[in-house]
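Before any comments, here is the structure.
Here is the naming used below: chain letters follow the sequence lines, and residue numbers restart at 1 for every chain.
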Amino acid sequence: MIDLRKLRENKDYQSGIVRKGVDASIIEELLSLEESCRALQLEVEQLRSEQNAASKEIGMAAPEERKEKIELAAQLKIDLQEKEEEYREATEAVDTIAITIPNPADSRCPSGGEENYKVIEVVGGQILPPPMNHSEYGDFMGWVEKEKAAENMGSRFAYLTGEAVLLEFALVQYTLSKLVSYGFTPVVTPVLVREQMMVDAGFFPTDRHQVYELAEDDLFLTGTSEVALAGLHRGDLLDMTQLPVRLGGFSSCFRREAGTYGKDTNGIFRVHQFDKVEMFSFCDPLTSWEELETLRSIEQEILNELELPHRVIMVAAGDLGAPAAMKYDCEVWLPSEGQYRELTSCSNYLDYSARRMKTRVRGEEGNQLVHTLNGTACAVGRTLVFLMEHHQQNDGSFKVPEALQPFLGYDVILPPTKEI
RNA sequence: GGAGAGGUGGCCGAGUCUGGUUGAAGGCGCUUCCCUGCUAAGGAAGUAACGGGGUAAACCCUCGUUCGAGGGUUCGAAUCCCUCCCUCUCCGCCA
């Protein structure tokens, strides 16, 4: 949720929203609704104050005076109820719009859409494609089974088999131990959440169409453990000494991938279900930008140790999700496609999600909302895609990156020997 | 799934039957001060959040809201009624 007070007092705040693609007229409308709402609030509160006072008198009054006083209070109540109804409608009108307004983009974000990103850093080269692309190599190694998956589950599903599974768990182990060394608490999160949790984490109403819903039970399958991680401190008042609260969530992630028909149909680059280790931070509002840099550096450290050439881009304002004020994408070079593709990302939500969740920190001058940030530590399936292209050898074997070797047990995986 | 008990401030815990001066006793914790070689112990005071308005501004004034959530009854609800959520105990089922 945006800060309505800031919205009316701060022009930059407004323009940050416009840069996200919201029509300025909507903001104008919201502001005028909000103003009349406050005027009504004042009236309601004055009436209620009178009514409260009248009621209080009754309690103290002598029995013979009561009848008269009750009649007076009853009339006040009728007036109050009328005004309250007006006020209720006004707040509803404000809320309906306010909940859809995205967090303003930070002024440092480039303007524009998907194409207007700014390259922050490039690490490693743009190497030539290996003999097999990730999809072919997955078949070759017997690591990915998509045909049966298509029959049983539909498109965009896959079975992961053989050493790929061992690689998956090595990746998870490796990532989690790295996060622990940075002070993250590992968390295995539930993947089903209530609607309100989706709203509070900043995903609803904007991204509702991307989420699987279990209508019978009013639950939603999360597309990232971030949702449940955020909920770990919903409604809490934290101590400054606790911050940052760093959580490393592991969970399967479910995404409908609506509107991506025909896109990335090869292999397991884009599937409905994958496992992910996610970083989440509840942070002191004063240091959240530093925290964002920390998340980014951890992501890059992981990419470097997995020996994946990549670049970091700052996502343009118009391409940011609703809750993010700024976002870095780490894009890894995908040799078979000859382009950089997103593998991880991290963003600073500032107080957008915290406001909905009412997660606060006790401060010297009153309590304030915390800032929340999140970043991908390891999106396992997609990481495998890049590993399969970058570490496949000419003889078909797979060279295990050194960082993973302790967690896997060997340094090379040989192709399966053909059965006759 | 069946039967019962319960959700009160940072925490614990009264109040609910018998609705009114209870934003809520008491305790713990915390803050400030006093006392004391130091510490501990002891004494005094203070200590909810959120929202609106006032103000140049405010830790200042004022109003409102909040006793799991949302409705209802009433002049007035922590207290009565309804719905939902959650926790605990017993039974059943179960990886």
Separation between the P atoms of B:A48 and B:G23, rounded to whole Å: 14 Å
Report the distance from atom CD of A:Glu71 to atom P of B:U74, rounded to the nearest whole Å. 15 Å
When the P atoms of B:C75 and B:U22 are compared, how many Å lie between them, rounded to an integer? 23 Å
So, does A:Arg5 get its side chain near the phosphate of B:G52, meaning an N or O under 4.0 Å from OP1 or OP2? yes
Can you check the distance between B:U55 and B:C50, where both ends of the measurement are the P atom (answer in whole Å)? 23 Å
Need the pair for B:C94. Rule: Watson-Crick or G-U wobble, both distances under 3.5 Å, any strand; none if unpaired. none
If you measure from the P atom in B:U62 to the same atom in B:G43, how many Å do you get, rounded? 33 Å
Could you tell me how far apart A:Glu92 (CD) and B:G70 (P) are, to the nearest whole angstrom? 15 Å
It should be established whether A:Asn52 places a side-chain nitrogen or oxygen under 4.0 Å from OP1 or OP2 of nucleotide B:U65. yes
Between B:G10 atom P and A:Gln242 atom CD, what is the distance in whole Å? 14 Å
Between B:U16 and B:C81, how far apart are the two C1' atoms, rounded to whole Å? 14 Å
Are A:Glu35 and A:Arg38 within salt-bridge range, i.e. N to O under 4.0 Å? no
For the pair made of CD in A:Glu9 and C1' in B:G52, what is the distance, rounded to whole Å? 13 Å
Picking from B:C75, B:G64, B:G52, the nucleotide nearest the side-chain atoms of A:Ala74 would be B:C75
Answer yes or no: is there an ion pair linking A:Arg208 with A:Glu195, defined by an N-O contact shorter than 4.0 Å? yes
Whichever of A:Gln46 and A:Gln41 has the more 5' nearest nucleotide on RNA chain B, that residue is A:Gln41
Rounded to whole angstroms, how far apart are CG on A:Asp217 and P on B:G1? 10 Å
Presence of A:Arg355 side-chain N/O under 4.0 Å of B:C50 phosphate oxygens OP1/OP2: no
hbond_proxy A:Glu45 side chain to B:G51 base (donor-acceptor, 3.5 Å cutoff): yes
Give me the distance, rounded to whole Å, that separates B:G6 from B:G15 when you measure between the C1' atoms they each carry. 15 Å
Rounded to the Å, how far apart are A:Lys69 NZ and B:G76 C1'? 14 Å
With a non-hydrogen cut-off below 4.0 angstrom, is A:Gln75 in contact with a base, only sugar-phosphate, or nothing? nothing
Just compare B:C85, B:G10, B:C63 and give me whichever is closest to any side-chain atom of A:Arg194. B:C85
If you compare every side-chain N and O of A:Lys77 against the phosphate oxygens of B:G76 (OP1, OP2), does one of them come in below 4.0 Å? yes
Determine, for A:Glu291 against A:Arg246, whether the closest basic-nitrogen to carboxylate-oxygen distance falls under 4.0 angstrom. yes
Option among A:Leu387, A:Leu166, A:Asp411 that satisfies the side chain to side chain contact (heavy atoms under 4.5 Å, CB included) test with A:Leu404: A:Leu387
Spatial distance of atom CE (A:Met197) from atom CE (A:Met357) [nearest 0.5 Å]: 5.5 Å
Quantified in whole Å, what is the C1' atom distance between nucleotide B:G7 and nucleotide B:C59? 34 Å
Classify A:Arg66 by what it touches in the nucleic acid, base, sugar-phosphate, or nothing, heavy-atom distance under 4.0 Å. base
Which whole-number value in Å describes the distance from A:Arg234 CZ to B:C86 P? 13 Å
Quick check on RNA chain B: between A:Ala54 and A:Ser49, whose nearest nucleotide comes earlier from the 5' end? A:Ser49
Rounded to whole Å, CG of A:Asn367 lies from C1' of B:U47 at a distance of 13 Å
Would you indicate, yes or no, if B:G51 has its OP1 or OP2 atom less than 4.0 angstrom from a side-chain nitrogen or oxygen of A:Arg38? no
Parallel, tilted or perpendicular: which describes the rings of A:His272 and A:Phe157, with under 30° parallel and over 60° perpendicular? tilted
Quantified in whole Å, what is the C1' atom distance between nucleotide B:C82 and nucleotide B:C30? 41 Å
Any salt bridge linking A:Arg296 with A:Glu293? Criterion: basic side-chain nitrogen under 4.0 Å from a carboxylate oxygen. yes
